[in-house]
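These notes are about the structure you will find just below.
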2 protein chains.
Amino acid sequence: MGRALKHVEIREYVRGLALESAPGVATPSERDLVDRFGVARMTVRQALDALVAEGVLERHPGRGTFVADRDRVPTAVTGLSQELARCGLVVETRTIAVRRLAAGPALAAAFGVEVGHQLWLWQRLRLAEGRAICLSETHLPAAMLPDLVEQPPPSLYAALEARDLRPTWAEDTLSARTATEAEAALLEAAVGEPVLCRHRRATRGQLGIEVTDTVFRADAQPLQITLRG
Amino acid sequence: MGRALKHVEIREYVRGLALESAPGVATPSERDLVDRFGVARMTVRQALDALVAEGVLERHPGRGTFVADRDRVPTAVTGLSQELARCGLVVETRTIAVRRLAAGPALAAAFGVEVGHQLWLWQRLRLAEGRAICLSETHLPAAMLPDLVEQPPPSLYAALEARDLRPTWAEDTLSARTATEAEAALLEAAVGEPVLCRHRRATRGQLGIEVTDTVFRADAQPLQITLRG
DNA sequence: GAGTGGTCTAGACCACGAT
DNA sequence: TCGTGGTCTAGACCACTCT
């Protein structure tokens with residue numbers, strides 16, 4: 001078992017402090033951490049730089065380093081379950097269908113594979129407090145996740161994380177339209193009601209991981225995205 | 001006139017190289033930059049760290065540092081003009097109205113000011129190739145931009161940048177609904193047509209800068225957001 | 001083997017904020 | 001005045017890739 005890098009060890013120590021502290025609380029000073037871990041100051045700064053870049057900490061020259069507001073942390077690539085949980089919703093997920101299909105030109109381009117490559121198509125309905133929120137159609141490379149159909153996981157991103165396939169990059173395209181008949185039936189909405197659509201393409205490095213189209217009811221919890229500078 | 005910090009000088013030099021190079025092209029190695037600028041390697045790394053964090057460069061251990069794909073650079077806080085330009089649209093902006101109003105409870109909370117604080121309300125219509133794209137209602141602190149009404153700038157974010165007030169943080173809330181009568185008229189759309197709504201709250205540090213509600217035609221260029229991490 | 005980025009040391013001086 | 005973060009030096013050794 002490999003020993004953790006020093007800057008990682010310090011980073012996770014300070015992250016732990018930040019998570020159990022209220023926003024605005026000061027973290028140990030850089031020189032305190034130098035003494036505590038017996039490292040050079042540049043190593044401590046490397047650890048803190050990462051947490052500042054993540055939005056977990058804020059530095060104030062001359063004053064110190066402080067825990068940042070939680071709701072100011074920028075949005076990262078995560079699954080809808082976590083995104084909605086962040087907005088305070090407990091989400092139930094129902095798998096509507098899982099089947100294989102051959103990639104057409106658009107999906108093949110999105111995944112960077114040849115036309116005809118085998119993909120999973122996984123349809124899910126999400127509910128909060130018994131009411132339908134959204135309907136998703138997720139495409140995944142079948143060869144990468146051969147066992148998906150046998151036991152659909154409660155959270156896609158948790159399952160990807162466990163296989164070291166968590167996306168590191170995603171492009172979301174947002175639009176609005178009216179619900180189709182099939183969507184309206186599953187979302188318990190009226191045909192022609194407006195819906196919010198999100199098309200997501202997610203990769204890990206150059207590796208295509210996920211293409212998902214999600215259709216949200218207009219009166220559901222809206223999508224929140226936090227950006228930085 | 002203050003001399004630029006070394007790491008800033010190096011960062012902007014390399015950013016210039018990156019902007020005029022194709023994605024995948026190698027940048028000078030860290031030791032090359034050490035020689036070129038006569039600095040320590042940690043200083044070069046500080047400069048490159050910033051560009052890697054921005055998504056401009058990618059490091060590949062053992063191989064080198066390379067220009068990242070442009071369309072993989074994560075979305076930052078920018079104005080709609082720049083966002084749409086990034087999608088290849090040339091946008092025309094028409095000011096519909098500018099007037100003052102007193103902040104109600106919701107706006108006061110968003111800006112962190114008292115109820116009754118004076119704000120600008122700036123309504124704009126954006127068009128591309130002669131067709132309406134979206135309708136915006138922007139709220140700004142009147143005291144911060146006293147001269148806005150006299151000469152509405154073509155780009156809000158450029159005007160804020162010039163005053164050192166460019167937002168460093170924004171929270172977007174996205175939803176769908178049907179167009180109101182007034183919106184439909186301005187957007188040249190039918191009443192009841194679906195629209196995409198974006199509510200943005202933007203700040204610079206603790207300073208509230210902008211609250212904007214934008215309504216997009218359903219058939220307009222959809223919003224694109226690129227995430228990392 | 002030569003070159004690359006990744007990690008780390010043990011200092012230094014500065015500007016700034018609080019007291 | 002003292003502590004803080006911001007900047008910077010001049011090295012070091014490592015794992016990795018490429019040839």
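Computation of the quantities below employed the complete heavy-atom set of this structure, encompassing side-chain atoms and omitting hydrogens, waters and symmetry-equivalent molecules. Naming convention: chains lettered A, B, ... in sequence-line order (proteins, then strands); numbering from 1 in each chain.
- In this structure, His60(B) places its NE2 atom 10 Å from P of dG6(C), rounding to the nearest Å.
- Taking atom CG on Asp32(B) and atom P on dA2(C), their separation rounds to 17 Å, with Å as the unit.
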So which protein nitrogen or oxygen atoms get under 3.5 Å of nucleotides 9-11 of chain D's nitrogens or oxygens?
from, atom 1, to, atom 2, distance (Å)
dT9(D), OP1, Lys6(B), NZ, 3.0
dT9(D), OP2, Ala40(B), N, 2.7
dT9(D), OP2, Thr43(B), OG1, 2.7

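- Partners of Arg204(B) by side chain to side chain donor-acceptor pair (under 3.5 Å), not counting sequence neighbours: none found.
- Distance, Leu33(B) CG to dG3(C) P: 16 Å, rounded to whole Å.
- Applying the salt bridge (charged side-chain N to carboxylate O under 4.0 Å, His left out) test to pairs two or more places apart or on separate chains, none has a residue in residues 105-121 of chain A.
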Please list, pair by pair, any protein nitrogen or oxygen found under 3.5 Å from a nitrogen or oxygen in nucleotides 15-18 of chain C.
from, atom 1, to, atom 2, distance (Å)
dG17(C), O4', Gly62(A), O, 3.4

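- Of all the residues in residues 14-30 of chain B, Ser29(B), Glu30(B) reach under 4.0 Å from DNA chain C with at least one non-hydrogen atom.
- Looking at Val39(B) and His7(B), their side chains never come closer than 4.5 Å, going by heavy atoms from C-beta outward.
- One interatomic measurement links the two molecules: CZ of Arg45(A) to C1' of dC8(D), which rounds to 11 Å at whole-angstrom precision.
- A salt bridge (charged side-chain N to carboxylate O under 4.0 Å, His left out) check over residues 34-51 of chain B, counting only residues at least two apart or in different chains, returns the pairs Glu30(B)-Arg41(B), Glu30(B)-Arg45(B), Asp49(B)-Arg59(B).
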Report all side-chain donor-acceptor pairs from residues 20-29 of chain B shorter than 3.5 Å, counting only partners two or more places apart or in another chain.
from, atom 1, to, atom 2, distance (Å)
Ser21(B), OG, Leu17(B), O, 2.6
Thr27(B), OG1, Thr65(B), O, 3.1
Ser29(B), OG, Asp32(B), N, 3.2

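- Of all nucleotides listed (dG6(C), dG5(D), dT7(C)), dT7(C) comes nearest to the side chain of Gln46(A).
- Applying the salt bridge (Lys or Arg N to Asp or Glu O under 4.0 Å) rule to Arg15(B) yields the partners Glu12(B), Glu54(B); only residues at least two apart in sequence or on another chain are considered.
- In this structure, a donor-acceptor pair under 3.5 Å is absent between the side chains of Arg198(B) and Ser136(B).
- For Arg59(B) and dT4(C), the CZ to C1' distance is 11 Å, given to the nearest whole Å.
- Considering only residues two or more places apart in sequence or on other chains, His199(B) meets the ring-ring contact (aromatic ring centres under 6.0 Å, His included) condition with none of them.
- With hydrogens and angles ignored, a donor-acceptor pair closer than 3.5 Å exists between the side chain of Arg31(B) and the base of dG5(C).
- In terms of the side-chain contact (heavy atoms from CB on, under 4.5 Å) criterion, residue partners of Ala68(A) (sequence neighbours excluded) are, by chain and number, Glu58(A).
- Spacing between atom CZ of Phe37(B) and atom P of dT7(D) amounts to 17 Å, rounded to whole angstrom units.
- To the nearest angstrom, C1' of dT17(D) lies 17 Å from CD of Glu58(B).
- Atom CG of Asp35(B) is separated from atom C1' of dT4(C) by 14 Å (rounded to the nearest Å).
- Checking dT7(C), dT4(D), dG5(C) against the side-chain heavy atoms of His7(A) singles out dT7(C) as nearest.
- Note on residues 64-82 of chain A: no pairs pass salt bridge (charged side-chain N to carboxylate O under 4.0 Å, His left out), not counting sequence neighbours.
- Under the salt bridge (Lys or Arg N to Asp or Glu O under 4.0 Å) criterion, Arg163(A) pairs with Asp147(A), sequence neighbours left out.
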